There are 2 protein chains.
Amino acid sequence: MQKAVIEKNNEVIAAQLTPVGRETVQDRVYSELRRALIGGLFEPSQVLTIRGLADALVTSTMPVREALGRLITEKALEALPNRSVRVPPITLERIDDLLRARSLIEGEAIALAATRMNPRQIASVEAMLGEWDEMRALKHKKDIDREATLNQSFHFEIYRCCGSAVLIPMIESLWLQSGPCIRVAIYAFSDAGEVDTAHYHRSIVAALARQDAQAAREALVADISRPFAFLRDKLQSANRKD
Amino acid sequence: MQKAVIEKNNEVIAAQLTPVGRETVQDRVYSELRRALIGGLFEPSQVLTIRGLADALVTSTMPVREALGRLITEKALEALPNRSVRVPPITLERIDDLLRARSLIEGEAIALAATRMNPRQIASVEAMLGEWDEMRALKHKKDIDREATLNQSFHFEIYRCCGSAVLIPMIESLWLQSGPCIRVAIYAFSDAGEVDTAHYHRSIVAALARQDAQAAREALVADISRPFAFLRDKLQSANRKD
DNA sequence: GTTATTGATTTGTGATCACACTTGCTTTGA
DNA sequence: TCAAAGCAAGTGTGATCACAAATCAATAAC
């Protein structure tokens, strides 16, 4: 068989097969811990032990300690001087700090995205909006986890369009850091009666559709400010009580 | 001895002693690799091996692999699908991307710092400027490493005043990512004849001294844009030649 | 009853080993 | 002569072990 024929044949095979991609245990542990943090499964100030997590995830300590180290460097977890690690506690300063950083960076990302999104991409996020409404209409009992996941997809679908390989990891890091805080706020939200979150997302999409970068930025900032402001008030009144 | 007396005594002792702080081998390896990356000791696209680094640093593989993992998550290094790790290559898109992110975030940091720095802090960075001039005056032959270190101290001394525990680690990550690129530019600079960098730093300090946040931001952006723009031109002309 | 002290358990850290995958070179066959 | 198969050295990953430090409980001392 001639070389050209073989290569052609290989190409045909390659077109039908999808790369299998070896994922290491460490990567799976890392992803799982990320998911747990963003989802608020760990509460602020909770301490995590390597062996405890290893048991829970049914692996050895090795992948866990490496994943923990990575999460500590992106400030998603905190290394105490005792060498134990915990999820960072919530403070007023930290809330304001996170909100400012998120407004700045996610605002920039969406402003860039507004000028770069093509009609197909806009239609895609618009479709997510519709899917969202359906879910909301179907079940009056709120499914917070599902809602949070959908919210995350919505935002990152937009951010991905900004075309910056530098900004996006930073935004992921920020979500990781604010995950535990936000979750506390969300729970408080759903206790305190519902606010219409759909409105904010709708104005974001509208701004994107008419390529209005400034409006998109403002709508986004309003969206992410809401839970932070709520949490801020809650914390302040708690402090006053003491 | 009564309890209060003992505690008082302990306080007196504590005031005289500085905490020794157990630094792990992993931390030392991590710091050393950071220093090497920011300092440009590794060149873009160079691949690093765990055992190679462990030999060079005279430790076992364990601390090295953990340090590498951390550097990969902050995008200071890149994990190839072959599972080898390398320092990220320079591309035009990456240069623009890094410059935009740095302008955005470091600009925000210095704008915050401008409103918060007290006279003592301003005097401190002003003093660094003087020390800088001395060094420059003494030796005509440029000591690039010393210059880079001083530049880094100068910038972070200012950033620390912004009072944001979220922004500063992000800036460190950005310096880590742009370190190898910048170093290439700096070397090219010193080959191509000197530009007066002192001027930029002087206008930064001047803006800070009169608490002019906007001017400080603009002066900073001009300062960090310079090597990026230089590198950009260099790369473009290199591409044209091919 | 409260405060120290001791001892046992838990925990993080680093070293070493086993295994699987990659890479580069040599050998073999047409 | 050249491409493909085979082999050997190198490399990352995960498991396990040894050790030191921290934590906590129970005991002893006042």
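In this text, all values refer to a predicted model and were calculated from it rather than measured experimentally.
- Mapping A/Ser84 and A/Thr24 onto DNA chain D by nearest heavy atom places A/Thr24 closer to the 5' end of the strand.
- One atom, CG of B/Asp27, and another, P of C/dT13, lie 8 Å apart when rounded to the nearest Å.
- By the 30° and 60° cut-offs, the orientation of the rings of B/His155 relative to B/Tyr159 is tilted.
- Within the 4.0 angstrom heavy-atom criterion, only backbone atoms of the sugar-phosphate kind lie near A/Leu48; the bases stay farther away.
- Close to D/dG14, at under 4.0 Å from its OP1 or OP2, lies a side-chain N or O of A/Gln26.
- Taking a 6.0 Å sphere around CD of B/Gln152, one finds it holds more than 12 heavy atoms contributed by other residues, nucleotides or ligands.
- Counting to the nearest Å, the C1' atom of D/dT11 and the CG atom of B/Leu68 are 12 Å from each other.
- Here B/Arg28 contributes atom CZ and B/Leu33 contributes atom CG; the two are 13.0 Å apart, rounded to the nearest 0.5 Å.
- Here D/dT16 presents its P atom at 12 Å from CZ of A/Arg51, a figure rounded to the nearest Å.
- Ranking C/dG14, D/dT16, C/dG12 by closeness to the A/Arg83 side chain, first place goes to C/dG12.
- With C/dG14, D/dT11, D/dA15 as the choices, the nucleotide that has an atom nearest any side-chain atom of A/Pro63 turns out to be D/dA15.
- What separates CD1 of B/Ile72 from P of D/dG12 is a distance of 10 Å, to the nearest Å.
- The 12-atom threshold is exceeded at CD of A/Gln46, counting heavy atoms of other residues, nucleotides or ligands nearer than 6.0 Å.
- Between A/Leu71 atom CG and C/dG12 atom P the separation is 14 Å, expressed in whole Å.
- With C/dG14, C/dT23, D/dT16 as the choices, the nucleotide that has an atom nearest any side-chain atom of A/Met62 turns out to be D/dT16.
- The interatomic distance linking A/Arg28 (CZ) with D/dT13 (P) rounds to 13 Å, in whole Å.
- Between A/Leu77 atom CG and C/dG12 atom C1' there is a gap of 15 Å when expressed in whole angstrom units.
- Listed candidates were C/dA15, C/dG12, D/dG14. Nearest to the side chain of B/Arg65 is D/dG14.
- In this structure, A/Asn82 does not reach the D/dA21 phosphate: none of its side-chain N or O atoms is under 4.0 Å from OP1 or OP2.
- Between the P atom of D/dA15 and the CD atom of B/Glu66 lies a distance of 14 Å, rounded to the nearest Å.
- Residues A/Arg160 and A/Gln121 bring no donor and acceptor atom of their side chains to less than 3.5 Å of each other.
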